[in-house]
Amino acid sequence: MRKDPQTPAELPIPNGHNAVEAAPVKGDITRPVGVYVIAVVVGLEALALGVMGVWSVLSLLTQPSHSVTSGIFLTVLIFGLAAGLAGVAVNAFKGMRWTRSAAFVWQLLMMAIGVPALLEGQIPLGLLLLLPPLATAYFLFTPKVVDFSLRKASDESGESDGKLL
């Protein structure tokens with residue numbers, strides 16, 4: 001019983017080609033449109049959180065607070081989320097598989113904020129908070145984006161299972 005090849009490195013090389021010619025060229029990757037949408041939306045959400053973090057710092061310094069400790073905690077939490085989302089946006093653009101779940105969870109949280117805003121009659125705010133996450137969640141599950149994101153960190157560095165590609 002013969003085992004089917006699991007990685008491109010295990011595929012047989014056609015006659016008349018050497019291993020260097022058969023190897024994929026790094027940088028010869030075509031990103032689907034959905035990857036751009038995901039990276040831009042998540043990046044803009046990270047930027048918005050960064051702006052909110054700056055606003056939170058300014059309000060901590062200029063306005064009286066009931067609990068300075070909770071204000072500092074929330075500010076640090078906002079900046080942490082902004083940094084995490086920025087990392088998700090960058091790595092989603094690179095095609096890392098772990099970013100799909102992180103981006104999807106954040107989009108669900110954004111939808112959980114957008115739906116009540118819509119139901120309360122704040123139509124522009126509700127649509128602003130709901131449409132980008134819906135588009136991102138849609139593109140996260142399109143076949144081209146899923147195929148593009150089935151890479152690992154080892155694929156980016158040129159190593160796989162301890163062997164050079």
Side-chain angles (χ1 to χ4, degrees), residues 24 26-162 164-165:
K26 191 170 184 167
D28 188 25
I29 300 170
T30 56
R31 287 180 176 83
V33 173
V35 171
Y36 289 103
V37 171
I38 293 166
V40 167
V41 170
V42 174
L44 288 174
E45 290 169 346
L47 183 64
L49 276 174
V51 169
M52 288 181 66
V54 170
W55 177 78
S56 180
V57 167
L58 291 175
S59 67
L60 272 173
L61 296 175
T62 60
Q63 298 177 3
S65 176
H66 292 294
S67 174
V68 175
T69 307
S70 63
I72 292 171
F73 173 77
L74 288 174
T75 302
V76 170
L77 182 66
I78 290 170
F79 279 125
L81 284 172
L85 275 180
V88 169
V90 168
N91 286 302
F93 185 75
K94 290 180 181 179
M96 297 297 129
R97 83 171 65 183
W98 63 268
T99 59
R100 287 182 27 239
S101 59
F104 183 67
V105 168
W106 183 256
Q107 301 317 309
L108 286 178
L109 292 172
M110 291 296 295
M111 286 185 245
I113 295 169
V115 169
L118 262 178
L119 294 177
E120 289 179 3
Q122 299 175 351
I123 304 298
L125 178 64
L127 290 176
L128 180 69
L129 292 173
L130 194 59
L131 291 180
L134 283 174
T136 302
Y138 167 76
F139 280 116
L140 282 169
F141 295 104
T142 57
K144 289 181 181 180
V145 171
V146 171
D147 289 342
F148 180 77
S149 66
L150 288 179
R151 301 169 357 148
K152 300 177 285 204
S154 61
D155 294 341
E156 190 70 22
S157 65
E159 294 183 21
S160 179
D161 299 331
L164 289 176
L165 291 177

Using a 3.5 Å cut-off and no angle test, enumerate the donor-acceptor pairs between side-chain atoms of residues 125-143 and protein atoms at least two apart in sequence or in another chain.
unit_1, atom_1, unit_2, atom_2, d
Thr136, OG1, Pro132, O, 2.9
Thr142, OG1, Phe139, O, 3.0

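Among all heavy-atom pairs drawn from Ala86 and Ala46, the shortest one is N-CB, 3.5 Å. Across every non-hydrogen atom of Trp98 and Ser101, the tightest pair is O-OG, 3.2 Å.
Partners of Phe79 by ring-ring contact (aromatic ring centres under 6.0 Å, His included), not counting sequence neighbours: none found.
Atom CZ of Phe148 is separated from atom CD1 of Ile38 by 10.0 Å, given to the nearest 0.5 angstrom. Expressed to the nearest 0.5 Å, how far CG of Leu108 lies from CZ of Phe104 amounts to 4.0 Å. Put simply, CZ on Arg31 and NZ on Lys94 are 9.5 Å apart, with the number rounded to the nearest 0.5 Å. Here CD1 of Ile113 is found 7.0 Å from CG of Leu109. Values are rounded to the nearest 0.5 Å.
Judged by distance alone, the side chain of Ser56 and the main-chain N or O of Met52 form no donor-acceptor pair under 3.5 Å. For the pair Arg100 (side chain) and Val146 (backbone), a donor-acceptor distance under 3.5 Å is absent.
Residues Trp106 and Val88 have side chains not in contact (no heavy-atom distance under 4.5 Å, counting atoms from C-beta outward). In this structure, Gln107 and Val42 have side chains that are in contact, with non-hydrogen atoms separated by less than 4.5 Å.
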